[in-house]
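See below for the structure under consideration.
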Amino acid sequence: MAASAAKIVVRGLAKEFADRTTGRAVPAIGGLDLDVLAREFVCLLGPSGCGKSTLLYVLGGFVSATAGTVLIDGKPVGPPGPDRGIIFQEYALFPWLTVLDNVMYGIRGAASPAERRARAEALIAKVHLNGFEGHYPRHLSGGMKQRVAIARTLAHDPDILLADEPFGALDTQTRTLMQEELLRIWEADRKTILFVTHSVEEAVILADRVVVMTARPGRIKADIAVPLPRPRDYDALVRDPVAIELRAELWRLVKEEVVRARGAG
Amino acid sequence: MAASAAKIVVRGLAKEFADRTTGRAVPAIGGLDLDVLAREFVCLLGPSGCGKSTLLYVLGGFVSATAGTVLIDGKPVGPPGPDRGIIFQEYALFPWLTVLDNVMYGIRGAASPAERRARAEALIAKVHLNGFEGHYPRHLSGGMKQRVAIARTLAHDPDILLADEPFGALDTQTRTLMQEELLRIWEADRKTILFVTHSVEEAVILADRVVVMTARPGRIKADIAVPLPRPRDYDALVRDPVAIELRAELWRLVKEEVVRARGAG
Amino acid sequence: AADPPVIRIGWSVPAQTQHYVMMKKPGILKHYGKAYKADWVNFPGSVAIIQAIASKNLDAGGISIVPLARTIEQKAANLKIVADMMSERKGGFQTTWVTLESSGIKTIADLKGKTMGVAGYGSTTDLLARAILRKNGIDPDRDVKRVEVPFPVMESAMRKGDIVAGELAQPFYANAKARGGIRELFTAQEVLPVLPLLVEAFTAEFMAAHPQAVKAFLEDYVTALDFARDPKNRDEVVGIVAEVSKLPRDVLATFLLTPQDYFMSPDAMPDVEAIQKTLDFLKEGGVLKTQLDAKSMVDVSLHPRAKR
Amino acid sequence: MNGAEEAAGKRRAARIGGATIVIAVLALWEGVSAGGFVDEQVLPRVTVVAAAWWELLLSGELPAQVASSLGRQAAGFSIAVVVGVVLGIAMARYRAIDDFAGPLITMILPIPKAALIPLVMLWFGIGDVAKTIVVFLGTILPVVVSAYHAAGSVDQVFLWSARSMGDNEAQLLRRVVLRAALPEIMSGIRMGLIISLIVLVGAEMLAGRGGIGWLVFYTLDTGAYRVTYAAMLTIAAIGFAYDRLFLAISRRLLHWVEQE
Amino acid sequence: MSAAAARPAWRALLRLRRGYSVLLVLAAWETASRAGAVNTFLLPPASEVLVNLWNLATEGRLLFHLAESLLRVAAGLGLAVAAGIPLGLWKARSRLADAVLDPVMAFWFPVPKVGLIPLALLFFGFAHGSKIALVFADALLPLVVATYHGALHTDRRLIWSARAMGDSERRILWRVVLPAALPQIFTGLRLAVTVSLLVVFLAEMVASSSGLGHVMIYALRTLETKDVFSALVTISLIAFLADWLVIQARRRVLVWHA
Ligand SMILES: Nc1ncnc2c1ncn2[C@@H]1O[C@H](COP(=O)(O)OP(=O)(O)OP(=O)(O)O)[C@@H](O)[C@H]1O
Ligand SMILES: Nc1ncnc2c1ncn2[C@@H]1O[C@H](COP(=O)(O)OP(=O)(O)OP(=O)(O)O)[C@@H](O)[C@H]1O
Ligand SMILES: [Mg+2]
Ligand SMILES: [Mg+2]
């Protein structure tokens, strides 16, 4: 694939954190190359602490890389902007805003207040939180907060969606419903999605391509296309031999890294 | 089973939250009965927002019930104490303490400082965080924080362990390792465990009994014993017909509630 | 011998030259350190000194007459006037109400409708000014606007045009005069020819307990007064006042110990008659509620220059 | 340009900016006074003030006054920090203490200290104890209010965690509430530190036995304004030094706090 | 129902619970000066002060002076809020602003503002201006410091979220950093209210022809101790009321806060 055609191009990306207590540098990402095409749905798998969130932060423009280049639409990644939406692993809801106001926060453009409200309410309904519009985040359960965060990011309708385990706090069934919702939005609005997940199953259901990262400092260990036709049916995939094979393969790859990380300790 | 023999007895438990903004009461739990025997490992499944965390808070003595009785060892549940350890859904690490100090926080008794330190270090190794002892929570990844929280609670060695999705932020492989670790500790130290999870698979691997809650306000929908011999092997369970049947059944039960909650919305 | 008693004595600035000399030149004093010792404590003013006396933190102090009279009236402390310190009278400086030569104000009556500066509402000079205004047909509350302006700012406020007239005490008067363009409007002469400004007062308890100490103190007090009044010491005294007040020496030199300075009675004797007149004036003005008797307030039994 | 260089550049620019402001203010001051916009008697020229300062320094008066003040200030401030933090946390945690102390604090602390002087004299005399108490009364307000609000908004899960790990009340207060509230308490202490210098003037008005605050008030009264300004600038300089010290300590204590 | 009927009285008692310490102090004060334990010249009995206060208030003179003081406090405090909060936010969010403002403020704040009263009088006039300026100068400190510290520790992910949704840094200041700092800003506001009251009375004591501070210094000069304490009690009551208002506002604005 030609680098120029890719929506996101990452070359030789490295990120070190300064550890103020010991004075040493902690390498989080160590020389990572990655391309994501426009409208592609890429899932990112990797052992805990391997640098997945850090990668998203760099792509989002929140932290700067120690080395390497990151291009978005062919241009070096700039400061955070509304073209890249992010769902943080730890939600980051505004505690002083109600659910409705949190979701409305990111909606802009020419929309009238009434339209913005309607749009926010529709999204709240999509994450099954109708009735909680007036609640403040601290009165919500973990999963509910996560769903508000999802709705908020979708509301402002970014071109690229960076999602950091957005369904991690949801029960499997709600998660399935959310996955379906996300896929619908992805197809309709033709977004580019980079999606961090811990679940091999989820990756197989959602992704065009699954990227597996090595243990810290994170690099790309494997980059595997998911050759399954869409729409994908959860129940069918349970028995689909390609899917079973893929899951086993991904499982093995991550396991290898987890074991390696453990050994390195 | 005789109520008197149970370690935890919950009868007619109800919990309403006052919603200050609207003035109405939000029912979180609505008449819940539950028994947990000593040394039993019970998993709690239920749709997002159904009151699982709230139930743990009541058992922990952090919030008081609106109605009903909760007995621990036959006595009404008292204020929070070291007999009941809790792993919070949102970690609750002390940001001003290093990983080591967080884990050492709960260790007490006659142990000398050196012993306490050794014990903490052993637990940190068990959650695969050696090398990060001197780090502060804000320098850890999501999954690493969660593992510190697990280690901290295990370190102070409670009689009853209340765990709120303790492995939610971990990749499947690390999660498996942690599950094995937890089962080892449970068997060796003969703890009573109430374990909230979103994963049907996890419940089947870990639990003696799985309890499924209804949508909000939470009640017990089903209480199902897991008739699988221990030790349970992950790979074997994938193919075990009893396990497959059980998973399907649990899946169906939770799904019903998710759908119901959605309709009620 | 036992340690001599310590007199805890309050002082303030300005116009307590006797005290400043005693503080800075104990060498000229005969009894200091032998018959008594002094603990000199500075206070922002007479009121604070009286509060300190009432709370038993002081035995004596240089006090102005209004707060002293109010204290005695309210029986807050049993204070006795033992010596004169400074007064305003002919032959010495009197607090002066001035205006700019260019202001167009010629008489007191011209002040009608104008704004004038008061250094401190409720102070002795304020009461005097009110009486004088009234005497000249001006209601101090209605016909003029009177704003409070601290002494050091008075001249500037006048030159800036914020007020058309204001009162000046020393050294501010001397300073303004030196800079020119200032015209005198009136002094308190008209209502009180002699105003005992500051007196030395002791508590009756202390006098009863340590008469010898007080006697010795007063002897030294007179010594300091004589020293200050001696023309050959003028330079040194100006230096002492400059050091104590932190004011520039050259400013003080223009008036200190000249007829432009407050009047220090050579015998340091309290002027009972003038005090009585002042008390009467205060009673008339409503500041005092009762008629006080000056004689009973004064006790010169230990004064070295009292005629016995 | 890398991040470190950029930061250094910004710091340098800031230092230059700060110095420019200081020089501009001093120049403006000199100009306003020398140009006759404000009477020189009320606002002596910078050069005159500087000369007065130098004189006071050489005569040994300034160092002596500063030394006598700093003792009172340090004592009053330290007691205020200890009492303020303890009282603030206690008020946040125990309703009964809040009910008792809360109204008293809000009613007594806004009373001008100058007005309380007679009572302070009555009960504590006119010595260093009395002055230290005035400094204490002036300083405790920001500390106690900050500690109160900070301790009242400690995240519940921290308290719960500590409780379930067996902390008793004392341990909870020391190991969790105090630590979690520390960032906000430190901001109260910072204000208290500054205010403790300001209230020296009020405290030393009580009865003069010297002190830098006494010097301010005393010369304000006599009209020796060049000394007033010299003393005020000295206090400001001490405040500046204290604030630097505070920042250094605070950075050490609060290194765990997240900052972007 | 009896419980419902009993409620108002019970509520009233509950409210009293927060005032009893003040009553205790009043009682102690009264007993001490009645029993002769303290010089009534320095501390007149509470009852006499309250009666005196009532007389002054009904005479109307006190209310005029009270209004003058309150006007000055409101104006000075208002300006301090309007300037202090933006300054604090700006200082917290811009390294340049911090580096420039920090030394300037560290130098300016500890200056005892009483020393500036003569200057303030000439610059801002003998009426309200000089007092408002002094209130402003001192009330700024708690507002800037509290806002700064509150804003400094804003969760960085909240700022990131806003950035990712296209907010400019200016907008982030108002929409994210300000609300995040609000709990501490309210602490600063509480302090600023008290400081303003302190300063206005002090300024009025040094040079003023009206206001409660003026009433007090006038009474002090003529040693009308009861008037002095009447002014002090008024100050206390005002401070208590103002503080109560701030706390109520805090409760309303910070519904989302723990
Ligand atoms: N602010 C920081 N300072 C220092 N080190 C950090 C910081 N943030 C992250 N790290 C380190 O960088 C590494 C990668 O962290 P990151 O959060 O990207 O992991 P992750 O892949 O998202 O893990 P998880 O799946 O557990 O969320 C970790 O080892 C972590 O300790
Ligand atoms: N402090 C609170 N105030 C008001 N309502 C609350 C509060 N805490 C929880 N709730 C409500 O109680 C219900 C149950 O919350 P709880 O956190 O127990 O759910 P949960 O089962 O743990 O969900 P999840 O799986 O998403 O964590 C939710 O609807 C929530 O809105
Ligand atoms: Mg992560
Ligand atoms: Mg929960």
Side-chain angles (χ1 to χ4, degrees), chain A residues 17 19-22 26 28 45-54 89-91 98 125 128-132 134-136 139-147 164-165 167-177 197-201 216 250-251 254-259 261-262 264-265, chain B residues 17 19-22 26 28 45-54 89-91 98 125 128-132 134-136 139-147 164-165 167-177 197-201 216 250-251 254-259 261-262 264-265:
Chain A
F17 287 104
D19 182 346
R20 262 194 250 153
T21 25
T22 63
V26 179
L45 280 173
S48 173
C50 75
K52 303 181 291 298
S53 300
T54 307
Q89 192 169 8
E90 281 155 22
Y91 325 145
T98 60
H128 309 170
L129 282 174
N130 354 26
F132 288 92
H135 284 234
Y136 286 96
H139 294 152
L140 299 178
S141 79
M144 291 160 93
K145 277 187 254 192
Q146 193 166 42
R147 284 180 277 155
D164 202 349
E165 288 182 60
F167 305 147
L170 302 178
D171 58 286
T172 323
Q173 294 69 17
T174 308
R175 179 182 265 224
T176 313
L177 294 173
T197 177
H198 282 144
S199 158
V200 166
E201 284 78 18
R216 193 176 62 86
L250 290 173
W251 173 274
V254 182
K255 174 125 196 181
E256 239 174 62
E257 286 307 311
V258 170
V259 171
R262 190 185 183 180
Chain B
F17 286 104
D19 182 346
R20 259 197 252 155
T21 26
T22 64
V26 179
L45 278 174
S48 172
C50 75
K52 303 180 292 296
S53 300
T54 306
Q89 192 169 9
E90 281 154 22
Y91 325 145
T98 60
H128 309 170
L129 282 174
N130 354 29
F132 288 92
H135 283 233
Y136 285 89
H139 295 150
L140 300 178
S141 80
M144 291 160 91
K145 277 186 256 194
Q146 193 165 41
R147 284 179 277 155
D164 201 349
E165 289 182 60
F167 305 149
L170 302 179
D171 59 284
T172 324
Q173 294 70 18
T174 308
R175 181 182 265 223
T176 312
L177 295 172
T197 176
H198 282 145
S199 158
V200 167
E201 285 77 19
R216 194 176 60 87
L250 291 172
W251 173 273
V254 181
K255 174 125 196 178
E256 239 175 61
E257 286 307 311
V258 171
V259 172
R262 191 186 183 181

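Just so it is clear, the structure is predicted and the values come from calculations on it, not from any experiment. Letters go in sequence order (proteins before strands), and every chain restarts at 1.
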With a 4.5 angstrom heavy-atom cut-off, is it the side chain or the backbone of L177(A) that approaches chain B, or both, or neither? side chain
Check step by step if side chain to side chain contact (heavy atoms under 4.5 Å, CB included) holds for Q89(B) and K145(A). CA-CA 12 Å; Q89(B) 192 169 9; K145(A) 277 187 254 192; over 6 Å; no
Please find the pair of heavy atoms, one from Q173(B) and one from V258(A), that lie closest to each other, and give the distance. CB-CG2, 3.6 Å
Top contributor to chain B interface from T172(A), V200(A), T197(A) [non-hydrogen pairs under 4.5 Å]: T172(A)
Scan S53(A), S48(A), C50(A), P47(A) and name whichever one has a side chain to side chain contact (heavy atoms under 4.5 Å, CB included) with S141(B). S48(A)
Counting only non-hydrogen atoms closer than 4.5 Å, does F167(B) touch chain A with its backbone (N, CA, C, O), its side chain (CB onward), both, or neither? neither
Of the listed R147(B), R175(B), E257(B), the one with the largest count of heavy-atom pairs under 4.5 Å with chain A is R147(B)
Can you find a pair of side-chain heavy atoms, one from E201(B) and one from E201(A), that are under 4.5 Å apart? no
Look up atom CZ in F17(B) and atom NE2 in H135(A), then write down how far apart they are to the nearest 0.5 Å. 11.0 Å
Top contributor to chain A interface from G51(B), A169(B), A125(B) [non-hydrogen pairs under 4.5 Å]: A169(B)
Checking heavy atoms, do the side chain of T176(A), its backbone, both or neither come under 4.5 Å from chain B? side chain
